[in-house]
Amino acid sequence: MTGPPPAAILSRWAREQARLKGGVVREDTEEWQKEPSFAGLQRVGGVDLSYIKGDDSRACASLVVLSYPGLEVLYEDCRMVAVSAPYVAGFLAFREVPFLVEAVQRLQQEEPGLKPQVLLVDGNGLLHHRGFGVACHLGVLTDLPCIGVAKNLLQVDGLARDELHREQIRSLQREGDTFPLTGTSGSVLGMALRSCNSSKPLYISVGHRVSLETAVRLVQSCCRYRIPEPIRQADIRSREYIRKQMCSPVKVPSSGPERAPCPRLGKVTGDLICFRRP
DNA sequence: GCGACAG
DNA sequence: ATCTTGTCGC
Ligand SMILES: [Mg+2]
């Protein structure tokens, strides 16, 4: 899995996105979504993957479920996974979504009572080159309501990180302030949101089974800090999982060819060793 | 043709 | 995404 995918693969992926896009529901479908304070909403999920610096094959996928409105962690699932696709802007889902679907299925299997009523996804939904970002992709594959939450603007359909955009950002004065992200086509693809007094906005878009207005309102209500708590917890916990793994004692086989799990360590045999950052 | 480009 | 501790500021 080295280098960019051939054009034939990207073409196949784009066709897959076009096919699945038909399943996206961009309206509210749940009763709690219509309530002023989301009465009836009890569990909000967050997903994310963390990667290892020099390792392009392993990552930690995490799914957390938080109580609502308390935002306390009710469930955590962190798992090392073998990444098979490189990151390509516009095709993030083909890198991350398989592991997220697995995590949702594990949750369904092991703790069905904790299944989240909505999932906040680290990335975009409709705010995407072909209108089918990772939040739509995960939503359609799991049929769970999903919201796309991006930390940076994906430049698509005329949207750019230009001076006009920076000026619009400056116009967001108070927490909760927003401005629409309108594509050349004239349709609103998403919303920039000022969360928790951060001058850097979040980019919210519809994933599945939720309206843009509800998506913005819910994300806003899940923010203790700039990043909404479900995604922040998934991010923190997946990163921590990797860190602990790298620092945990490892048994090196004393028999067979002498080989160090980490090249930097040089020759190692026998006893327990402990990995540390370089 | 060139540059931009979620994580 | 990742490399990175403490530190300056509200
Ligand atoms: Mg992330």
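This is a predicted model, so every value here is computed, not measured. Residue numbers start from 1 in every chain, and the chains themselves are labelled A, B, ... in the order their sequence lines are given, proteins ahead of strands.
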Open item on the list: Tell me the interatomic distance from A/Asp157, atom CG, to B/dC5, atom P, rounded to whole angstroms.
Closed with: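 Distance, rounded to whole Å: 16 Å.
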Open item on the list: Distance check needed: B/dG3 P versus A/Asp162 CG, whole Å only.
Closed with: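 After rounding, the gap between these two atoms is 19 Å.
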- [ ] For this output row, return yes or no: ring centroids of A/Phe179 and A/His165 closer than 6.0 angstrom.
- [x]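 For A/Phe179 and A/His165, the ring centres are under 6.0 Å apart.
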Above 12 or not: heavy atoms from other molecules or residues under 6.0 Å from [atom1] of [X]?
X	atom1	result
A/Glu110	CD	yes
A/Arg79	CZ	no
A/Lys115	NZ	no

Open item on the list: Between A/Glu240 and A/Arg237 (salt bridge meaning N to carboxylate O under 4.0 Å), is one present in this structure?
Closed with: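 Looking at A/Arg237 together with A/Glu240, the answer is no, because their closest N to O distance does not fall below 4.0 Å.
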Open item on the list: Under 5.5 Å centre to centre and under 30° between planes: does that hold for A/Tyr87 and the six-membered base ring of B/dG7?
Closed with: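 Yes; centroid distance and tilt both under limits.
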Is the phosphate of [N] approached by [X] (side-chain N or O, under 4.0 Å from OP1 or OP2)?
X	N	answer
A/Lys151	C/dA1	yes
A/Arg95	B/dA6	no
A/Arg161	B/dG3	no
A/Asn152	B/dC5	no

What contact category does [X] fall into here, base, sugar-phosphate, or nothing, at under 4.0 angstrom with non-hydrogen atoms?
X	result
A/Asp122	sugar-phosphate
A/Phe91	base
A/Gly90	base
A/Val156	nothing

Side chain of [X] only, heavy atoms from C-beta on: which candidate in [options] is closest?
X	options	result
A/Lys53	C/dT2, B/dA6, B/dG7	C/dT2
A/Gln155	B/dC5, B/dG7, B/dA6	B/dC5
A/Asp48	B/dG7, B/dC5, C/dT2	B/dG7

